[in-house]
Amino acid sequence: MKGRLTINRRRVINYLRKYWSLYVMLSIPIAYFIIFRYIPMTYIQIAFKRYSIVQSPWEMPWAGDNGFEYFIKAFRNLDFLYALRNTLLLNFLDLIMGFPAPIILALLLNELAFPRFKRLTQSVAYLPHFLSWIIIAGLAKQLFAPTSGLINIFLNRLGFQSIPFLNDPTHWVFTYVFLGIWRNVGWNTIIYLAALTNINPELYEASAIDGANRWQNIWYITLPGLRPTIFTLLILSLGNILSSEFDRPYALSNPLVNSVSNVISIFVYRYGIRGLQFSLTTAVGLFQSVVCVIFLVAANALAKRFGERGIW
Amino acid sequence: MVKSKRTKAGDLAIAFVCVLLILVCLLPMLNVLARSLSSTEYIIRNEVLLWPKGWNVEAYRLVLSDSKYTWSLAWTAILTVICVAVSMTMTILCAYPLIYRDLKGRRFFNTMILFTMYFSAGTIPHYLLYKDLGLLNHPLVLIIPNSLSVFYMIIMRTFFYSIPDSLRESAEIDGAGPVRILFSIYLPLSKPVLATLSLFYAVGRWNGFSDALMYMNDRRYHPIQLLLYNILNAVTSIEIQTQEGFASAPGISDTIQAATVMFATVPILIVYPWLQKYFISGATLGALKD
């Protein structure tokens with residue numbers, strides 16, 4: 001009995017002697033995650049309580065309606081309902097137009113017969129990803145200006161009327177989606193191009209012997225090869241359907257299009273950080289996070305039912 | 001013979017689409033560059049397209065003589081360097097211990113870290129925490145709270161995994177501890193991923209502004225993007241007025257706006273070609289599932 005204990009203890013001591021430095025290293029990032037990711041979660045209870053500046057979240061009094069007062073208030077708030085609609089609308093358009101774009105571009109690049117030109121195209125197409133939304137908004141404001149912008153100058157010279165790309169709600173929505181594609185389409189091809197290199201080249205050799213043309217190759221070999229990647233990214237995109245970026249709508253919006261550009265993140269910024277309505281905006285944030293998790297889990301389950309690998 | 005000819009036509013069509021893509025990516029930047037270097041009268045007459053007319057560097061001189069602007073540029077550069085150093089240290093400290101498969105508690109730490117990728121408390125709880133910690137309006141709020149990205153940590157860990165275990169084991173037999181192994185084996189072999197992630201963190205900080213907008217009221221510590229936003233929006237309100245019928249001359253502000261945009265873009269355009277060969281391999285690593 002005593003002998004086994006000493007062996008165990010010796011094993012523990014040896015283990016610690018070997019690995020103590022790893023725990024010291026890890027303690028710093030773990031402390032980071034606890035302080036900056038997990039402690040904020042304890043502040044979520046503010047969503048169910050009346051915020052008070054002098055009390056800690058644990059001491060604040062519960063809100064009315066069994067604690068759901070602020071959730072009810074949010075859903076009676078027109079600004080929030082518009083923000084919810086706009087978030088869903090913009091994310092939905094991003095999904096149906098922005099999601100296929102990199103797949104198509106990756107297929108194009110894959111079919112491109114000139115390797116040096118392919119590398120040049122890639123280099124240039126990745127570049128917009130490194131520009132901030134403020135810079136892109138600056139470029140867009142110059143390019144799409146109603147009278148002096150390059151695009152409208154061309155339209156006018158061709159005899160067309162100017163298009164208010166950024167100053168009319170309907171046009172703004174499509175400019176917003178287009179600029180999103182412009183920034184990310186090249187960058188998002190990287191993951192697909194990486195997946196393409198994993199396709200067995202013998203498949204193409206066999207199809208060449210069978211006399212398959214380009215379209216048949218794409219349809220029967222390339223796209224099936226991309227299938228797992230497409231599904232993984234689709235799950236993640238569906239999980240993000242109610243998440244809202246801040247930088248992009250904030251940088252691109254202007255007073256003329258507030259009716260479509262105010263998304264949830266901007267609502268939280270205006271009502272919470274500027275308006276100090278902390279309980280209401282914490283409730284909105286919690287609603288958003290929970291819906292995101294639900295969508296992610298549901299999309300993952302659905303993908304697995306269709307025989308895909310899923311993300312976990 | 002006929003078949004190869006048809007393939008060639010297809011190849012040319014694809015190449016043509018790619019040329020269009022290149023133009024769509026580059027023309028906006030060329031147009032703004034041309035405007036920033038043109039004189040006002042040509043801009044008002046809508047004659048500046050892709051090449052500057054009436055060479056004029058006045059806008060750049062004005063921007064550079066504005067101490068608010070040069071300070072912001074310098075501050076953002078300092079901030080970016082500090083952020084990259086802090087973030088890379090944190091990322092290495094997090095990724096390296098987790099590659100030891102026999103580390104006790106590894107599963108727990110992995111789950112704890114991954115969970116934060118899928119569920120976040122939201123903006124306001126973070127804001128209130130910074131308030132309680134005294135970080136609001138303190139320069140550290142722009143450095144610490146987002147110093148570690150789980151996604152980049154996974155990229156680094158995946159790269160570390162690709163280094164053969166036998167290398168580590170033979171160093172262990174020679175009596176080297178984990179710290180020594182990190183510095184003498186893992187870091188020297190990881191230069192591509194270190195360069196890639198440094199670039200990603202640097203671009204993120206250089207381009208970021210929402211944290212400063214929300215948590216930093218002191219304008220001295222505002223990064224360049226936020227200053228740029230204020231300049232651009234001062235101009236927009238004038239433009240909207242003209243569109244709605246008020247008289248105004250946007251000429252001068254137009255070139256200044258263009259010059260400001262170019263100033264914030266140029267640092268990225270300069271580092272981009274140098275680091276390009278690294279970041280493609282880095283981004284591909286992120287695609288691999290652990």
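Numbers restart at 1 for each chain; the letters A, B, ... are given by sequence-line order, proteins then strands.
Of the two parts of Leu135(B), only the side chain, counted from C-beta on, holds a non-hydrogen atom closer than 4.5 Å to a non-hydrogen atom of chain A. Proximity to chain B is limited to the side chain of Leu296(A), based on heavy atoms less than 4.5 angstrom apart. With a threshold of 4.5 angstrom between heavy atoms, Met112(B) approaches chain A through its backbone and through its side chain.
Between chain A and the options Cys18(B), Gly122(B), Gly177(B), heavy-atom pairs under 4.5 Å are most frequent for Cys18(B). Of the listed residues (Leu269(B), Ile124(B), Ile113(B)), the one with the most heavy-atom contacts under 4.5 Å to chain A is Ile124(B).
In this structure the side chain of Leu127(A) reaches within 4.5 angstrom of the side chain of Met29(B), judged on heavy atoms. At a threshold of 4.5 Å between non-hydrogen side-chain atoms, the residues Ile135(A) and Phe263(B) do not count as touching. Residues His126(B) and Arg37(A) are in side-chain contact: their nearest non-hydrogen atoms beyond the backbone lie under 4.5 Å apart. Side-chain contact between Leu131(A) and Thr265(B) is present, with at least one heavy-atom pair separated by less than 4.5 Å.
Both cation-pi conditions hold for Lys104(B) and Tyr15(A): the charged atom is under 6.0 angstrom from the six-membered ring centre and inside a 45 degree cone around its axis.
A donor-acceptor pair under 3.5 Å is formed between the side chain of Asn207(B) and the backbone N or O of Phe130(A). The main-chain N or O of Ser123(A) is found under 3.5 Å from a side-chain atom of Tyr272(B) such that the two form a donor-acceptor pair.
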Determine, step by step, whether Phe33(A) and Phe109(B) satisfy the ring pair (Phe, Tyr, Trp, His ring centres under 6.0 Å) criterion, reporting the C-alpha distance in whole Å, the side-chain angles of both residues, the deciding distance to 0.1 Å, and the verdict.
CA-CA 10 Å; Phe33(A) 282 111; Phe109(B) 294 132; over 10 Å; no

